[in-house]
**Q** 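Starting off with a structure, shown below.
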Amino acid sequence: FIDLLNIRFTCKETEWLSVDHPLDHLGMVISMDEENVYISMEDYIERMLQVLEMQMCKSVNTPINGPILDDTPISHSQLKWIYKALGCCGWLSNTARPDGKYAHSRLSQHLAKPSQGLLAGVKHLIRYYKGAKHLCLYQPLFGEDTDTWQFFSDSDFAGNAEVQNKRRSQSGYIAFNGKAPPLWGSKPSSVMFDANEIVVSAHPRIGEAHADISSGASEVYAAGNATIDLLHLSYVMEEMDIGFPTTMKLQVDNTTAEAFMNNTCRKSKLKHIDCRQEWVKMLRNKDIVVPVHVDTEVNIADFFTKILSAPRFKTLRDMFMISRKLN
């Protein structure tokens with residue numbers, strides 16, 4: 001393969017991963033020892049701190065510690081800094097640092113109206129990365145777990161009360177192949193949810209998706225969003241000739257959503273079916289995805305849906321990330 005590639009293209013000298021020779025790919029340092037393969041972003045974070053002039057900042061334990069409430073306007077130079085910082089954090093959260101994904105998603109929602117609160121939140125995220133720069137994704141070289149797949153989905157029901165969020169719920173998902181997650185996501189729903197149980201009927205002239213009072217519906221939306229990306233992951237795995245389950249067991253922690261996805265409830269409050277729920281029904285009927293109950297305490301997708309306490313955040317993070325300093 002390498003010889004044929006060199007005939008057709010002008011290539012750099014071929015590098016091979018070994019214990020003594022790590023590889024640097026787009027800011028991700030891939031290394032290994034006798035037990036695991038690792039992906040680290042430590043060097044990238046160091047360069048980011050220099051570019052953002054935050055080398056001397058004090059580190060913190062979580063990527064986000066509270067809602068964005070200060071709406072005081074910022075200067076043009078501060079806005080340029082925010083764009084640069086969120087760009088760096090976006091690359092981190094989408095490549096090998098899922099621990100900052102929720103914070104990046106929530107902070108980015110404020111770019112339409114940037115404020116001092118947003119500036120403080122972005123600086124807090126940078127300070128977290130500084131203190132957690134040694135964390136890596138990893139995969140054992142040997143063991144039965146390396147061939148297993150796990151899928152988790154969760155939703156935070158109208159937990160973000162910030163004005164710009166309009167009570168949209170945050171959905172999160174993560175897929176594991178062995179110990180390593182090749183896919184994760186955190187995004188606000190396009191549907192508004194009302195935590196105070198005030199129902200707003202859907203109508204074409206409203207101009208927005210309808211409000212919802214059901215946490216079960218919120219979970220179904222999250223499952224629908226997750227399975228779209230999980231199906232894409234299955235196509236990639238097929239092209240790479242890596243085994244992937246024909247029926248994905250999606251672990252969720254909401255019994256209403258489970259009943260809807262399993263079609264085991266005779267009467268459902270989910271009467272306001274929209275395209276996402278129809279999508280989940282189709283996946284269910286084709287045996288493409290089935291729900292599996294998981295306790296909320298070990299639903300790793302919870303990591304991508306809300307602001308967590310430091311102990312809870314660390315517990316979930318330690319389920320798939322470990323610390324390893326680069327030499």
Side-chain angles (χ1 to χ4, degrees), residues 1-52 55 83-101 104 129-130 132-151 173-186 226-246 248 288 320-327:
F1 171 78
I2 297 297
D3 291 340
L4 292 173
L5 205 62
N6 280 310
I7 291 173
R8 186 169 180 182
F9 302 101
T10 301
C11 302
K12 295 181 179 179
E13 184 178 351
T14 305
E15 294 184 89
W16 299 94
L17 177 65
S18 69
V19 173
D20 300 320
H21 186 77
L23 304 178
D24 189 333
H25 178 67
L26 301 176
M28 295 174 283
V29 177
I30 306 167
S31 61
M32 66 181 294
D33 56 24
E34 290 77 10
E35 297 180 353
N36 302 306
V37 175
Y38 307 89
I39 299 182
S40 169
M41 301 291 284
E42 182 180 344
D43 286 351
Y44 182 91
I45 293 172
E46 290 283 6
R47 293 196 296 272
M48 177 183 70
L49 292 170
Q50 294 175 8
V51 169
L52 299 177
Q55 305 96 310
Y83 283 146
K84 184 187 299 183
L86 280 180
C88 293
C89 293
W91 179 249
L92 285 166
S93 67
N94 285 310
T95 50
R97 293 303 301 258
D99 48 334
K101 182 65 176 179
H104 182 264
Y129 278 130
K130 179 183 179 181
K133 63 184 178 182
H134 303 312
L135 290 177
C136 305
L137 298 179
Y138 74 104
Q139 183 75 292
L141 291 173
F142 311 102
E144 297 178 358
D145 289 343
T146 56
D147 295 326
T148 61
W149 284 92
Q150 292 189 84
F151 311 99
Y173 56 88
I174 188 168
F176 285 93
N177 177 223
K179 297 291 185 182
L183 178 71
W184 57 84
S186 177
T227 49
I228 290 173
D229 285 348
L230 291 175
L231 279 175
H232 176 261
L233 176 64
S234 72
Y235 307 149
V236 176
M237 294 300 104
E238 181 181 355
E239 290 184 359
M240 297 174 67
D241 199 25
I242 294 176
F244 196 86
T246 54
M248 292 178 284
I288 294 173
F320 60 93
M321 300 190 77
I322 60 175
S323 179
R324 185 173 193 255
K325 294 185 179 181
L326 296 177
N327 295 327

**Q** For K179, does its backbone N or O pair with a side-chain atom of Q139 as donor and acceptor, under 3.5 Å?
**A** yes
**Q** How long is the span from the CG atom in D99 to the CZ atom in F320, to the nearest 0.5 Å?
**A** 6.5 Å
**Q** Do L92 and M48 pass the side-chain contact (heavy atoms from CB on, under 4.5 Å) test, and can you show the C-alpha distance, the side-chain angles, and the key distance before you say yes or no?
**A** CA-CA 10 Å; L92 285 166; M48 177 183 70; 3.9 Å; yes
**Q** Mind telling me whether H232 and Y235 have parallel, tilted or perpendicular rings, with 30° and 60° as the class edges?
**A** perpendicular
**Q** For a quick check under 3.5 Å, do D33 and Y38 share a side-chain donor-acceptor pair by atom type?
**A** yes
**Q** Determine whether M41 and K133 make a side-chain contact, defined as any pair of heavy atoms from C-beta on separated by less than 4.5 Å.
**A** no
**Q** Which atoms form the tightest heavy-atom contact between P140 and N36, and what is the distance?
**A**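 So the two residues come closest at CA-OD1, 3.2 Å.
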**Q** Please name the pair of heavy atoms, one in L137 and one in A96, separated by the smallest distance, quoted to 0.1 Å.
**A** CG-O, 3.6 Å
**Q** Counting distance only, does the side-chain N/O of H104 pair as donor-acceptor with the main-chain N or O of L86 below 3.5 Å?
**A**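 Yes: the side chain of H104 pairs with the backbone of L86.
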**Q** Measure the CG-CZ distance between L183 and F151 for me, rounded to the nearest 0.5 Å.
**A**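 It is 9.0 Å, given to the nearest 0.5 Å.
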**Q** To the closest 0.5 Å, what do you measure between CE (M237) and CG (L230)?
**A** 11.5 Å
**Q** Heavy-atom distance under 4.5 Å between the side chains of C88 and V51, does that happen here?
**A** no
**Q** Side-chain contact, heavy-atom cut-off 4.5 Å: H21 with L23?
**A** yes
**Q** Any idea which heavy atoms bring W91 and T95 closest together, and the distance?
**A** O-OG1, 2.6 Å
**Q** What I'd like to find out is whether the side chain of T227 reaches to under 4.5 Å of the side chain of I288, using heavy atoms alone.
**A** no
**Q** Just verifying a value: how many Å separate D20 CG and S31 OG, rounded to the nearest 0.5 Å?
**A** 11.5 Å
**Q** Hey, does E42 have a side-chain heavy atom less than 4.5 Å from the side chain of R324?
**A** no
**Q** Contact between Y129 and L49 at the side-chain level, heavy atoms closer than 4.5 Å - yes or no?
**A**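 Of all side-chain heavy-atom pairs linking L49 with Y129, none is under 4.5 Å.
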**Q** Within a 6.0 Å radius of atom CD on E238, are there more than 12 heavy atoms belonging to other residues, nucleotides or ligands?
**A**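 Counting other residues, nucleotides and ligands, CD of E238 stays at 12 neighbours or fewer.
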**Q** List the steps, then state whether side-chain contact (heavy atoms from CB on, under 4.5 Å) holds for K101 with N94.
**A** CA-CA 7 Å; K101 182 65 176 179; N94 285 310; 2.6 Å; yes
**Q** Could you go through the side-chain contact (heavy atoms from CB on, under 4.5 Å) check for L141 and E35 one step at a time?
**A** CA-CA 6 Å; L141 291 173; E35 297 180 353; 5.9 Å; no
**Q** Considering non-hydrogen atoms only, spot the tightest contact between A175 and L233 and give its length.
**A** CB-CD2, 3.9 Å
**Q** Give a yes or no answer on whether the side chain of W149 reaches the backbone of M248 with a donor-acceptor pair at less than 3.5 Å.
**A**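 Pair absent, no side-chain N/O of W149 close to backbone of M248.
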**Q** Quick check: does any side chain N or O of W184 sit under 3.5 Å from a backbone N or O of S93, one acting as donor and the other as acceptor?
**A** yes
**Q** Could you go through the side-chain contact (heavy atoms from CB on, under 4.5 Å) check for M32 and L17 one step at a time?
**A** CA-CA 8 Å; M32 66 181 294; L17 177 65; 3.8 Å; yes
**Q** Just wondering, do I2 and C11 contact through their side chains at under 4.5 Å, heavy atoms?
**A** no
**Q** Flag the pair I39 / C136 as yes when at least one side-chain heavy-atom distance between them is below 4.5 Å, and no otherwise.
**A**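 Contact flag for I39/C136 side chains = no.
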**Q** Can you tell me how far CG of D24 sits from OG of S40, rounded to the nearest 0.5 angstrom?
**A**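 Answer rounded to 0.5 Å: 9.5 Å.
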